[in-house]
Amino acid sequence: MNNGEIASFVGAVWMKQVLQEAAPDTSGQWRVTRAPGGDGNNGGSFLSILKSSKHPKEAFEVIQWLQSPENQLEQYTTLNLFPSAPGVFDTPAMKEEEPFFGGQATGPVFAESAQHVPEAFFGERYPSVHNIITRRLNDIAKQNANPEQVWPDTVHRVERELQR
């Protein structure tokens, strides 16, 4: 990244910091835009309280504080954590120009993208099916397996898994 051999890449908002740390010599040469093909998400954070918690009320108060727009704004300005609270998207801090990105304010780009991510559902069988497909793709990528032979076998394995 730092020697100019990479022209572009698709990444999550947290990749901004990774890029800045990996390629300090390219400061000012990067710009941010929404992903081609549409906005998306792969991951996220989840907060929960165990039924066995001795302090569920206090735990819920911590979750409320973590998710509050005020705290998320502070975390954005101090730790560069992109907020999940849409109320933060229009704040001045989100619109600040960033020297590393040639003076572009990247906050509005990511905020616009965040507001257009389609809902996705991962059912209870997702992990099993995902693991089968990932293993088979790795066979193609790392062991030069023939995709024409791997695909039918992958479909068979997925179907067998879903019949369990």
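Start at 1 with the first residue, then count along the sequence. Both backbone and side-chain heavy atoms feed into the values below; hydrogens, waters and symmetry mates do not.
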Self-check item: Cluster check Phe100, Phe9: I/L/V/M/F/W/Y, side chain < 4.5 angstrom
Solution: yes
Quiz item: Would you say the side-chain atoms of Ser53 pair up with the backbone N or O of Ile49, donor to acceptor, closer than 3.5 Å?
Solution: no
Exercise. Identify the two heavy atoms, one from Gly11 and one from Met15, that lie closest to each other, and give their separation to 0.1 Å.
Key: CA-CG, 4.0 Å
Practice problem: Check for a donor-acceptor pair, side chain of Thr91 on one end and backbone N or O of Val88 on the other, with a separation under 3.5 Å. | Solution: yes
Quiz item: For Phe101, which residues count as a ring pair (Phe, Tyr, Trp, His ring centres under 6.0 Å) partner, sequence neighbours excluded?
Solution: none
Quiz item: Where the side chain of Asn71 meets the backbone of Leu66, is there a donor-acceptor pair that is under 3.5 Å apart?
Solution: yes
Self-check item: Nearest atoms (heavy-atom pairs only) where Phe89 meets Ala111
Solution: CG-CB, 3.6 Å
Practice problem: Answer whether the closest heavy-atom distance between the side chains of Trp14 and Asn80 falls below 4.5 Å. | Solution: no
Practice problem: Could you pull out all residues at least two apart from Tyr76 that satisfy ring pair (Phe, Tyr, Trp, His ring centres under 6.0 Å)? | Solution: none
Exercise. Identify whether Val158 and Trp151 are in the same connected component of the hydrophobic contact network (ILVMFWY, side-chain heavy atoms under 4.5 Å).
Key: no
Practice problem: Could you check if a side-chain atom of Pro83 sits within less than 4.5 angstrom of a side-chain atom of Gln75, using non-hydrogen atoms only? | Solution: no
Quiz item: Would you say Val18 and Ile6 are hydrophobically clustered, going by side-chain heavy atoms of ILVMFWY under 4.5 Å?
Solution: yes
Quiz item: Looking only at atom types and distance, does a side-chain atom of Arg135 sit under 3.5 Å from a main-chain N or O of His130, one as donor and one as acceptor?
Solution: no
Quiz item: How far does CD of Glu74 sit from OG of Ser68, to the nearest 0.5 angstrom?
Solution: 9.0 Å
Practice problem: In plain terms, say whether Arg157 and Glu161 are close enough for a salt bridge, that is, a side-chain N and a carboxylate O under 4.0 Å apart. | Solution: no
Practice problem: Can you run down the side chain to side chain donor-acceptor pair (under 3.5 Å) pairs that involve residues 98-108, sequence neighbours left out, and say none if there aren't any? | Solution: Lys16-Glu98, Lys16-Thr106, Glu98-Thr106
Quiz item: Strictly by modelled atom types, are Asn146 and Glu148 linked by a side-chain donor-acceptor pair under 3.5 Å?
Solution: no
Quiz item: What pair of heavy atoms forms the shortest contact from Arg125 to Leu162, and how long is it?
Solution: NH1-O, 3.7 Å
Quiz item: Do Gln163 and Glu159 have side-chain N/O donor and acceptor atoms under 3.5 Å apart?
Solution: no
Quiz prompt | Separation between CG of Asp139 and CG of Asn144, rounded to the nearest 0.5 Å | solution = 10.5 Å
Quiz prompt | Verify same cluster id: Tyr126, Ile133 (apolar side-chain graph, 4.5 Å) | solution = no
Quiz item: Do Ile132 and Val155 belong together in a cluster built from hydrophobic side chains that touch within less than 4.5 Å?
Solution: no
Quiz item: Do the side chain of Asn2 and the main chain of Asp25 share a donor and acceptor less than 3.5 angstrom apart?
Solution: yes
Quiz item: How would you list, by chain and number, every residue that makes a side-chain contact (heavy atoms from CB on, under 4.5 Å) with Asn138, sequence neighbours excluded?
Solution: Thr134, Lys142
Quiz item: Partners of His156 by ring pair (Phe, Tyr, Trp, His ring centres under 6.0 Å), sequence neighbours excluded?
Solution: none
Quiz item: Between Gln72 and Ser84, is any side-chain donor less than 3.5 angstrom from a side-chain acceptor?
Solution: yes
Quiz item: Just checking, is any N or O donor in the side chain of Asp153 or Gln149 under 3.5 Å from an acceptor N or O on the other one?
Solution: no
Exercise. Identify the heavy atoms of Val150 and Ala145 that sit nearest to each other, and give their distance.
Key: CG2-CB, 3.5 Å
Quiz item: Donor-acceptor pair, Arg31 side chain versus Gly28 backbone, under 3.5 Å?
Solution: yes
Quiz item: Of all heavy-atom pairs between Asp39 and His116, which one has the smallest distance, and what is that distance?
Solution: OD2-CB, 3.2 Å
Self-check item: Those residues that, when tested against Ser27, pass side-chain hydrogen bond (donor to acceptor under 3.5 Å, both in side chains) (two or more places apart)
Solution: none
Quiz item: Looking only at atom types and distance, does a side-chain atom of Ser113 sit under 3.5 Å from a main-chain N or O of Val109, one as donor and one as acceptor?
Solution: no
Self-check item: Interatomic distance, Thr78 atom OG1 to Leu73 atom CG [nearest 0.5 angstrom]
Solution: 9.0 Å
